[in-house]
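Okay, structure first, notes after.
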Amino acid sequence: MLIHPEFDPAAIRIGSFAIHWYGLMYLLAFAQFLLLGRLRIRGARYQSLGWSYKDLEDLLFAGVLGVVLGGRLGYTLFYMPGYYLANPLSIFKIWEGGMSFHGGLLGVLLALLWFAYRRKVSFFVVSDLVAPLVPFGLAFNRLGNFINGELWGRQADADLPWGMVFRGAGDFPRHPSQIYQFLLEGLLLFVLLWWFARKDRPIGQVSAVFLIGYGSFRFVAEFFREPDAHLGLLSMGLSMGQWLCVPMVLIGVFLFVAVNKPKNA
């Protein structure tokens, strides 16, 4: 049985100035987006559109707004609507925590729609560019969750070699579900998408694989993650995170099939 180490909340301290681990993870996520994005826009499709590094920077800015606004609003609507309806000003207290990936995804989709409209290109041309750049960002996010000792997993068998005791979560071992998600939604999904996107695919297919892959991996990881205390398990013994993944996978499958149909079908 392992004990979760007590990391200093600040990753970097210079006098009274400190950068916290979660903030550092966000910075690394943004940096990898720009670095890997440079490789993506070298593809023939994006070269023919004349896309440059400036387009990547604009896309990142729009995406960050979508993540923050969508993630916060998604959390208030999906997870604690009653509380925020009674305390609407608390919606703006982002520093108190409370972000939803699925809400952030919706926010990013709106940002991509705006970007595609401004550039006068198909939405899926933009989403296919972005999809392989997302998993590494998710990996950094889950690493931040682990370092902070938050969003821990469900109780594990006492003989599980990597079972871990988290501060504030009882004295029994739990699954380090943050690491499971780091490996599945982060590294494995990145490898899958990067390999798939190497070839010229029908427009929209890379986005479809992202929806199917993330939704499936997150659905599996949720079996090991402690459900939100105020929600618990919902219908059919599934968590809110799992129910939100179901439409993701279904939409992904529909999109994959739709864009793969022959033109004369």
Side-chain angles (χ1 to χ4, degrees), residues 29-53 55-64 66-67 70 101-102 104-141 181-221 244-263 265:
F30 299 154
Q32 68 83 31
F33 180 94
L34 294 175
L35 290 172
L36 294 178
R38 278 189 165 183
L39 299 178
R40 292 283 294 142
I41 61 175
R42 291 176 184 172
R45 178 176 296 165
Y46 301 100
Q47 286 297 300
S48 67
L49 294 171
W51 283 27
S52 66
Y53 187 69
D55 293 298
L56 274 180
E57 292 177 330
D58 292 344
L59 192 52
L60 176 60
F61 178 75
V64 170
V67 166
F101 167 82
H102 296 89
L105 176 62
L106 292 175
V108 168
L109 292 179
L110 290 175
L112 298 187
L113 275 171
W114 171 83
F115 186 89
Y117 172 77
R118 292 292 300 272
R119 294 299 189 277
K120 295 180 172 56
V121 297
S122 164
F123 165 79
F124 290 115
V125 167
V126 183
S127 62
D128 282 355
L129 170 70
V130 171
L133 309 180
V134 174
F136 250 137
L138 296 176
F140 285 124
N141 182 272
Q181 291 185 265
F182 168 83
L183 295 172
L184 289 173
E185 306 163 12
L187 300 188
L188 181 56
L189 184 58
F190 169 75
V191 171
L192 173 65
L193 278 172
W194 197 262
W195 168 80
F196 186 79
R198 285 190 312 163
K199 294 183 179 180
D200 187 26
R201 305 288 182 179
I203 294 175
Q205 205 168 68
V206 174
S207 301
V209 171
F210 171 81
L211 291 173
I212 297 169
Y214 178 85
S216 301
F217 292 150
R218 175 71 182 267
F219 190 93
V220 171
L244 292 174
C245 285
V246 171
M248 283 187 69
V249 174
L250 294 178
I251 292 171
V253 171
F254 173 81
L255 179 60
F256 189 94
V257 173
V259 301
N260 203 41
K261 283 184 177 181
K263 297 295 183 180

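Note that this is a predicted model, so its numbers are computed, not measured.
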Near-ring test Trp114/Phe61, centroid separation under 6.0 angstrom: no
I want to check something: taking the side chain as every heavy atom from C-beta on, are [X] and [Y] in contact at a cut-off of under 4.5 Å?
X	Y	value
Phe136	Leu35	no
Phe123	Leu109	yes
Leu59	Leu112	yes

Test log, rule side chain to side chain contact (heavy atoms under 4.5 Å, CB included), inputs Arg119 and Leu49: CA-CA 9 Å; Arg119 294 299 189 277; Leu49 294 171; over 6 Å; no
Quick one: [atom1] on [X] to [atom2] on [Y], what's the gap to the nearest 0.5 Å?
X	Y	atom1	atom2	result
Phe140	Phe182	CZ	CZ	8.0 Å
Leu133	Phe190	CG	CZ	8.5 Å
Leu36	Ile41	CG	CD1	12.0 Å
Asp55	Glu57	CG	CD	9.5 Å
Ile212	Phe254	CD1	CZ	12.5 Å
Leu56	Trp51	CG	CH2	8.5 Å

Passing option when Tyr214 is tested against Leu105, Leu189, Val134 for side-chain contact (heavy atoms from CB on, under 4.5 Å): Leu189
How close do [X] and [Y] get, heavy atom to heavy atom, and via which atoms?
X	Y	answer
Gly252	Ala208	O-CB, 3.4 Å
Ala131	Ser207	CB-CA, 4.4 Å
Gln32	Gly137	NE2-N, 3.5 Å
Ser122	Ile203	OG-CG2, 4.2 Å
Leu184	Ala221	CD1-CB, 4.3 Å
Val209	Phe196	CG2-CE2, 3.6 Å

Donor-acceptor contact present, side-chain Glu185 to main-chain Pro135, <3.5 Å: no
Donor-acceptor pair, side chain of Gln181 and main chain of Gly186, under 3.5 angstrom: no
Residues forming a side chain to side chain donor-acceptor pair (under 3.5 Å) with Gln205, sequence neighbours excluded: Asn260
Basic-acidic side-chain contact under 4.0 Å: Asp58, Arg118: no
Side chain to side chain contact (heavy atoms under 4.5 Å, CB included) evaluation trace for Val125 with Tyr46: CA-CA 9 Å; Val125 167; Tyr46 301 100; 3.7 Å; yes
Phe33/Arg40 under side chain to side chain contact (heavy atoms under 4.5 Å, CB included): CA gap, chis, key distance, verdict: CA-CA 10 Å; Phe33 180 94; Arg40 292 283 294 142; over 6 Å; no
Trace of the side chain to side chain contact (heavy atoms under 4.5 Å, CB included) decision for Phe219 with Val249: CA-CA 10 Å; Phe219 190 93; Val249 174; over 6 Å; no
Partner set under ring-ring contact (aromatic ring centres under 6.0 Å, His included) for Phe256, not counting sequence neighbours: none
